[in-house]
Amino acid sequence: MSIFSKFEASTVEKKWYEYWLENKHFASTPDERPAYSIVIPPPNVTGILHMGHMLNLSLQDILIRRARMQGYNACWVPGTDHASIATEAKVVARLKEQGIDKNDLSREDFLKHAWDWTEEYGGLILEQLKKLGASCDWDRTKFTLDEDMSESVIQVFVDLFNKGLIYRGYRMVNWDPEAQTTLSDEEVIFEEKPGFLYHIAYELDGVKEPLVIATTRPETIFGDTAICIHPEDPRFEHLKGEKVKVPIANRWIPIIEDTYVEIEFGTGCLKVTPAHDINDKVLGEKHNLEVIDIFNADATLNAHGLHYESQDRFVVRKAVAKELDGLGVLIKKEEYTHKVGISERTKAVIEPRLSDQWFLKMEKLAEPAIKAVLDSEEVALVPAKFKNTYRHWMENIRDWNISRQLWWGQQIPAYYFSNKPEDFVVAPSAEKALELARMKSENPDLKETDLRQDNDVLDTWFSSWLWPISVFDGIRNPENAEINYYYPTQDLVTGPDILFFWVARMIISGYEFRNEKPFSKVYLTGLVRDKQGRKMSKQLGNSPDALKLIHDFGADAVRVGLMLSSAAGNDLLFDESLCQQGKNFSNKIWNAYRLIDGWEVDDTREHSLVNKEALLWYAQKFQQSLTLINDHFEKYRISDAMMTSYKLIWDDFCSWLLEAIKPAYGDPIDGQTYREVRGLFQENLKLLHPFMPFLTEELWQDMETRTPEEALIVSSWPQVDEFDKKLIERFEEATSIIGGIRNFRKEKELGYKESLALQVIGSSEEIPFESLIQKMGQLSGVNYIDSAPEKSGGSFRANNLEFFIPLEGKIDFEKERLKLEEELKYAKGFLVSVQKKLSNERFVSNAPDLVLANERKKEADALEKIEVIEKSLAAL
RNA sequence: GGGCGCUUAGCUCAGUUGGUUCAGAGCACUUGGUUUACACCCAAGGGGUCGGGGGUUCGAAUCCCUCAGCGCCCACCA
């Protein structure tokens, strides 16, 4: 017999994981069964497993394992994402440590370093995932920069370009000075930051008072090309058409008028810097202003910054303020909180910047994706509350900036054949590009060396938005058997933070390239937070080490812990005690097995009525729970499914069934009970397997010698069958009588070993599960009497039945009387409220019959109860 | 600034269409219990005027209004 304890959990896990791999239980190829596929949200190739992953991946594994048991051809495709900005930033940082500057390397050399890094750390996260028990088809592992994946991306780019949906534009974009690339709007997070509102005086021509403007960014005065006032602001009526001098720069700039300016804000005057603010750019275009770009790529100032050239913008901000103060033109500096754009990846403050970028037109593309989620519900978001967020974003969707000034990623397949920016062709390969370039330039002598490929790479999401299609090679090879079999996938499990980055775009690409949804359900998890509700972060140090958790508690326990309180869309307040609870549950199951497995069997022993009834009841209870669990799964209420299984095993199976059939110490068990309870235990293991794969497989295999085909992982999910609801109710009546007896013992301070005689008063029929009650209540006998006996003892009520237990000389009459009077008072009060309701004519005429009948029953029951209590009181 | 959502026991949350079984679960807590599968355990028990106020209704945790607090998404206010 094997032992499943904390000391051996990891060896048991390793044993079964290897067993599943060896026997190809995770592998899937198309066959005649219906497919059930999930594509993993590819983690960053250089990432490490954190709690968010654990939650997502546990959910996916639970879904895929259950589907596998349900007879689907289950296929979970794993993989990783090249995460261009994040990975490139890490590689640049590592090179820096080695004294190498990225700018001194050629593109090819840099990519070599990046691939070295990827091979060194890449896939580490996938290894960690295995520790959790993830049953992915590892032979299918994909990486977004694999050759076939990249080819798909390039093919899609060319296709969209040829459809006229991709264009190149000179636009204000989000510039990350740290990574030195642009970002899409979704990659910019706005945060409230304390700052200052500087009031600066600009000298006016002539003798008039200087004009005071308010700005949060004094360093941008070098890029000022106008001052804007509101045309109807009476304070500035006399300034229309005038010019002012920019301090320090000493340039003269015009005063323009525009209703964009808010009279109430600041001083009512706005300095206009078209190169560095999106609003100013709009104003600039409207008023034909000069554009002066004052920054270098790393957000230091360029020559326009005069003596501040090469200094960082934040250093310059302070220095400029000081200089302005020295000049006597810094009128005021007030504290001011404003929103600042931060790079999602590098956390650098974003600089709005004008530059040439590639864009994808989104409006038309988004249409089918809007319908699919909001109208036809072909794609369901779980929970549905995210539909609103989705709608809002999709209906206001903006063109997607898909180019990044990085090297790690798919290089944009645009080839320039002259110095003019409009002289380019888009092609899947250099050869094809040359051909096209010769045609477009009408120069047949053009050589491949005359072509220059665009330096930029594509946004990482431009590869991952194809993920559900490209992992099955459905872009390059749209008719292949795999894509037609596995696509569309069933469930996608991910966080709502990437609803727009990724989920929405996958739905868009699904309809564009397959004319079909990529998945039917999107299960959106919440964020994993600590128990104080704070986000988990490295800085706070509140993020538990995922692998250490698995090591300390066991993978099953961690999975259970995660499922115990994580409804879809709700944040999970994680605490290690959840894992402890999971571990306690593992221990409980293990011990139940030890009990069953340790019994000595005697086939000559009688199959008692108690055992027979308890087994029959549990079979019903199991069915009831199974129905509930299936329903929870269908509604993606995974934690409810988990909790229902938990209670079934712990309360019903262990506390009731096993306690009921357990033979006295040292006694053997009858053969029939033994076989039946083992059968029921096996069914329990099936239910638990998706949640706790290792422990269940261990016990399953320990019970009997099994062939690989008989492994639990590929066994069948229990069949739903009809069950006797009435029997379950009768059993519950019995358990509440047992509860009454136990409570009685406790109140009367009687030991649990002391046998008691139970008397049922005035009941015309036998109490349910009488022999069970006798055994569990530790009774010497049960008899039925007409009225409360006159001798000393105590009484209690359960299920509207009155019970009496004789206790010679052990009863405190006064205490008993007070208790009964309390009960009587409550029953009378209850009766009054029911009768009040029943005497209300409008209630009687309006309420449905069922409700009315119930109230009448309540009244009758209350009357009966009062009578019983009064009798007992009289007997005292 | 616009939109959406939340507020139920000490904690985390269930509560379908207002009405049988509606005030629940798990954990935590209190009390009693260890040669008898499991103290990582067993048994019993306490605990909430369902955020405040108003309204609709015979009847409201559930529908409407309002106030307060919290959260999320979107947005170009210097």
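Reminder, nothing fancy here: chain letters follow the sequence lines and each chain counts from 1.
A:Tyr390 comes within contact range of no nucleotide atom at all, as no heavy-atom separation falls under 4.0 Å. Residue A:Cys228 is classed as having no contact, given no heavy-atom separation below 4.0 Å to the nucleic acid. Residue-level contact check: A:Glu659 touches the bases, meaning some heavy atom is under 4.0 Å from a base atom. No engagement by A:Ser639 is indicated, since no non-hydrogen atom pair under 4.0 Å with the nucleic acid exists. Across all strands shown, A:Tyr646 has heavy atoms under 4.0 Å from sugar-phosphate atoms exclusively, and none from any base. Within 4.0 Å of A:Lys647, counting heavy atoms only, lie sugar-phosphate atoms of the nucleic acid but no base atom. Residue-level contact check: A:Val261 touches the bases, meaning some heavy atom is under 4.0 Å from a base atom. Residue A:Arg398 is classed as a sugar-phosphate contact, given heavy-atom separations below 4.0 Å to backbone atoms only. Within 4.0 Å of A:Lys725, counting heavy atoms only, lies no atom of the nucleic acid at all. Residue A:Asn570 is classed as a sugar-phosphate contact, given heavy-atom separations below 4.0 Å to backbone atoms only. A:Asp277 comes within 4.0 angstrom of no nucleic acid atom, judged by non-hydrogen atoms across all strands. Note on A:Tyr260: a base of the nucleic acid sits closer than 4.0 angstrom, heavy atoms only.
Stem analysis of RNA chain B (at least three stacked-register Watson-Crick or G-U pairs, each with both distances under 3.5 Å) gives B:1-7 with B:68-74, B:10-13 with B:24-27, B:29-33 with B:41-45, B:51-55 with B:63-67.
Seen from the ring of A:Phe633, A:Lys635 does not count as a face-on cation partner, given the 6.0 Å and 45° thresholds. Judged by the 6.0 Å and 45° rule, A:Lys333 forms a cation-pi pair with A:Phe196.
At least one side-chain nitrogen or oxygen of A:Arg637 sits closer than 4.0 Å to the OP1 or OP2 atom of B:G15. When the side-chain nitrogen and oxygen atoms of A:Thr389 are compared with OP1 and OP2 of B:G3, none of them lie within a distance under 4.0 Å.
With both ends at atom P, the span from B:U12 to B:C64 equals 26 Å, rounded to whole Å.
For the atom pair A:Ser184 OG and A:Glu187 CD, the distance stands at 3.5 Å (nearest 0.5 Å).
At a threshold of 4.0 Å, the pair A:Glu351-A:Arg313 counts as salt-bridged, since one of the basic side-chain nitrogens sits closer than that to a carboxylate oxygen. Between A:Asp277 and A:Lys281 there is no salt bridge, since no side-chain nitrogen of the basic residue lies less than 4.0 Å from a carboxylate oxygen of the acidic one.
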